[in-house]
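Here is how names work: the chains are called A, B, and so on, in the same order as the sequence lines, proteins then strands, and each is numbered from 1. These figures come from a predicted structure and were not determined experimentally.
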There are 2 protein chains.
Amino acid sequence: MIETFAALAEPNRFRIVELLRAGPRAVNEIGESLHLNQPQVSKHLRVLKDVGLVGVQARAQQRLYELRGQRLRELHDWLERYRDLWDARFDDLDDLIEELTEKEKSDDRRKGN
Amino acid sequence: MIETFAALAEPNRFRIVELLRAGPRAVNEIGESLHLNQPQVSKHLRVLKDVGLVGVQARAQQRLYELRGQRLRELHDWLERYRDLWDARFDDLDDLIEELTEKEKSDDRRKGN
DNA sequence: CAGGCATATGCCTTGATGAGCATATACGCG
DNA sequence: CGCGTATATGCTCATCAAGGCATATGCCTG
């Protein structure tokens, strides 16, 4: 889980993942699309592959990288455990609470709580 | 999005988030539960708060940190765009493809593709 | 099997970040 | 209002990861 987060936390890696959502790509294609040097692309793909976010498929001297669902599904499963936190309208309430908390500070002071 | 990933990519921060799933906690409680020094807890909470994963609520000299849903919901929304990738049984297929790819390498060699 | 293309790896430098410790700030209480 | 508790911040050190460049490896073609 943490490894997945770490992999996706890197901007260029995130862009690669987003790009691969459209389908498999060769290393040079990725590099051109995202304006990255080839070695960097390879290195990032290595990380993504080690984590299991992508898989490779060799075609001639090219390597087609494709997104894999496994880790994303795990991410989803993890998120599910927090569903009650965000599935409701809690978020807007949070904002309210935040504001009220500020207010309480002065209230507390007044009533000596 | 990336900031959320970065925040969750740190092991101790991840543990804090998991802990806060059970409900709001004061800084010292978190520290004791996770065996972390107080300054570290504060620093991690700072990051989590800056990213918006947690909110604070002051009570006396304590600060109760609580998980917020916003960022997790965004994460969920982002994942949704990849749903077709993991919602099906594609994953097992990926494993197959991986294996077949290895096999193809020799096949290609034989048939001179 | 030599040359060329596609990709991977190694090395170096640099910036970011976490841990630890000391210390500052905030707040309630006597 | 001074003291103790709860939390935040500053500083330093060590680690790590990303970018750039050079180069190695793999594979195809003539």
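For Q62(B), counting side-chain heavy atoms from C-beta on, the closest listed nucleotide (dA6(C), dT9(D), dA6(D)) is dA6(D).
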Under 4.0 Å protein heavy-atom contacts per nucleotide of nucleotides 12-24 of chain C, with B for base, S for backbone only and - for none:
------SBBBB--

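With rounding to whole Å, E32(B) atom CD is found 14 Å from dT5(D) atom P. Put simply, CD on Q61(A) is 6 Å from C1' on dC27(D), counting in whole angstrom units. The OH atom of Y65(B) sits 15 Å away from the P atom of dA6(D) (whole-angstrom rounding). Going from atom CZ of R63(B) over to atom P of dT25(C) covers 14 Å, rounded to whole Å.
Inspection of the H76(B) and E80(B) side chains reveals an N or O donor paired with an N or O acceptor under 3.5 Å.
Evaluation of the ring-ring contact (aromatic ring centres under 6.0 Å, His included) test over residues 11-31 of chain B, restricted to residues two or more places apart or in two chains, returns W78(A)-F14(B).
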Every protein N/O within reach of nucleotides 12-14 of chain D N/O, cut-off under 3.5 Å:
none

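In this view, D50(B) and R46(B) satisfy the side chain to side chain donor-acceptor pair (under 3.5 Å) rule, not counting sequence neighbours.
Residues of residues 16-30 of chain B that place a heavy atom closer than 4.0 Å to DNA chain D, in numerical order, are A26(B), V27(B), N28(B).
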Test salt bridge (Lys or Arg N to Asp or Glu O under 4.0 Å) on E18(B) and R15(B) and set out the steps.
CA-CA 5 Å; E18(B) 291 268 82; R15(B) 294 202 298 151; over 6 Å; no

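Of all the heavy atoms in I2(A) and P11(B), the pair that sits closest is CD1-CA, 3.4 Å.
Annotation for E3(A): atom CD does not count as buried by contact number, only 12 or fewer foreign heavy atoms lying within 6.0 Å.
Interatomic distance, Q62(A) CD to N28(A) CG, rounded to the nearest 0.5 Å: 5.5 Å.
Where the helix from dC1(C)-dG30(D) to dG30(C)-dC1(D) starts and where it ends, the local axes point in directions that differ by 20°; five pairs per end, rounded to 10°.
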